[in-house]
2 protein chains.
Amino acid sequence: MNAPRLRADAADNRARIVEAARDAVAGSDEFKLNAVAKRAGVGQGTLYRHFPTREALLAEVYRFDVEELVAAAPALLAEHDPITALARWFDRLVDYARVKRGVLAAVEAGVWQELSAHGLGPIGDAITALLDAGRAAGAVRSDVDARDVVLLLGYLTRLDEQEWDTRARHLLHVVLDGLRARE
Amino acid sequence: MNAPRLRADAADNRARIVEAARDAVAGSDEFKLNAVAKRAGVGQGTLYRHFPTREALLAEVYRFDVEELVAAAPALLAEHDPITALARWFDRLVDYARVKRGVLAAVEAGVWQELSAHGLGPIGDAITALLDAGRAAGAVRSDVDARDVVLLLGYLTRLDEQEWDTRARHLLHVVLDGLRARE
DNA sequence: CACGTTAGTGGACACGTGTCCGCTTGTCCA
DNA sequence: TGGACAAGCGGACACGTGTCCACTAACGTG
């Protein structure tokens, strides 16, 4: 995955940054890049070189959750019809997002950078798989891709804490209906 | 609308700020609050007191466009069936948004602040009118409100310039389908 | 082992945002 | 008309983000 092997100290720093970031996320709801760098005992330059954007760092921090999310897709597809699987997967995303908003940023960053690179990547693939299954069953419209879905789901990031309960799930249904094939 | 009448100099400054902002928007694609304040010949404090957020300022700058948008709703409803009217209105929004991204921020800010206040306000009302008409005709699902629509349309703000053509309109259809009543 | 190459470092710096507060000035009343 | 007093002013300041580049030290080579 990483063609140019990392130098020993570099790998070390990287690990320490991620750990510090994890602590920061767990400790408070603030997440200041500066603070993470200091906590990790590295300069800001170092932090920014390893993770060019805040999202890149979050993506690493939440990699576990994201992988879980990715892994869930095939399982859901095995158990349910495509639309239900998609719905469940959305549910799961919302569950994560509710507690740790960071996952959202991670997912979004993930899919985005994957889009430009070749072959999307795990998250994009997961969504694509769900979409494809639905399409094959004639339940999902044929003119949407993973990026579209992420874009649409983006509303989650600008939901206020207080309106989360009333709107998050609800709008999920609306989006889902939009993705359905029109008969 | 503004109970405590503005002092003469205050009103003057406010006007000068808006004008400077308009210039700034027209002149370049950068929009720095600092610069606007300087250009208007006022301190930043003054700018921020008149317009607490960047969006508030944009809302004022684009008020004309926004009003036009609002005015279009009833006209569209008169000429077309509700769903078509809604679609056309969306189209119009996208047209504005393409050129002047600011309108989007203005719309979003507008609807949001209106939501908390009583009776939504012009933009919210316009969307609500479209929604209501659709609902009455049984063409629009009954469980969505103006805020929902704005939230969903929010994807427009994070669209990259280059993907605008391929995705903006296209996703509009998806959203529209999501808003339709399921028969 | 020593030495050159170059990946990697880290912190100073530039920038934009937003806040705060001591000073100024319009406004209104006596 | 003049004086008090609050509305309004404006810029200094604190903060977070992200960039840049002179230095440092890990790694491979002879």
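The analysis underlying the following values was restricted to heavy atoms, covering all of them including side chains, and did not include hydrogens, waters or symmetry mates. Chain letters run A, B, ... following the sequence lines, proteins first, then strands; residues in each count from 1.
Residues passing the side chain to side chain donor-acceptor pair (under 3.5 Å) test with A:His170, sequence neighbours excluded: B:Asp143. B:Val18 is linked by a side chain to side chain contact (heavy atoms under 4.5 Å, CB included) to B:Arg22, B:Phe51, B:Glu60, counting only residues two or more places apart in sequence or in another chain. B:Asp95 pairs by the side chain to side chain contact (heavy atoms under 4.5 Å, CB included) definition with B:Arg169, not counting sequence neighbours. For A:Arg49, the side chain to side chain donor-acceptor pair (under 3.5 Å) criterion is met by no residue, not counting sequence neighbours. Contacts of A:Arg158 classified as side chain to side chain donor-acceptor pair (under 3.5 Å), with partners at least two apart in sequence or in another chain: B:Glu108, B:Thr157. B:Asp12 is linked by a side chain to side chain donor-acceptor pair (under 3.5 Å) to B:Arg16, counting only residues two or more places apart in sequence or in another chain.
For the OP1/OP2 pair of D:dG8 and a distance below 4.0 Å, the side-chain nitrogens and oxygens of B:His50 include no atom meeting the criterion. At least one side-chain nitrogen or oxygen of A:Asn13 sits closer than 4.0 Å to the OP1 or OP2 atom of C:dT9.
Taking five base pairs at each end of the helix from C:dC1-D:dG30 to C:dA30-D:dT1 and finding the rotation axis that steps the C1' atoms of four pairs onto the next four gives two axes whose angle is 10°, to the nearest 10°.
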What does nucleotides 16-23 of chain C look like as a protein-contact string, B for base, S for sugar-phosphate only, - for none, at under 4.0 angstrom between heavy atoms?
SBBBB---
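At whole-Å resolution of the value, CG in B:Asp9 and C1' in C:dG26 are 6 Å apart. Look at CD1 on A:Ile17: it is 11 Å from C1' on C:dG10, rounded to the nearest Å. Protein atom CZ of B:Arg16 is 15 Å distant from nucleotide atom P of D:dG8, rounded to whole Å.
Closest approach of A:Ile17 and A:Val36 over heavy atoms only: O-CG1, 3.9 Å.
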When the side chains of residues 68-85 of chain A are checked against the rest of the protein, which donor-acceptor pairs come out under 3.5 Å, sequence neighbours left out?
unit_1: A:Glu68; atom_1: OE1; unit_2: A:Tyr96; atom_2: OH; d: 2.2
unit_1: A:His80; atom_1: NE2; unit_2: A:Arg88; atom_2: NH1; d: 3.1
unit_1: A:Asp81; atom_1: OD1; unit_2: A:Thr84; atom_2: OG1; d: 2.4
unit_1: A:Asp81; atom_1: OD2; unit_2: A:Thr84; atom_2: OG1; d: 3.3

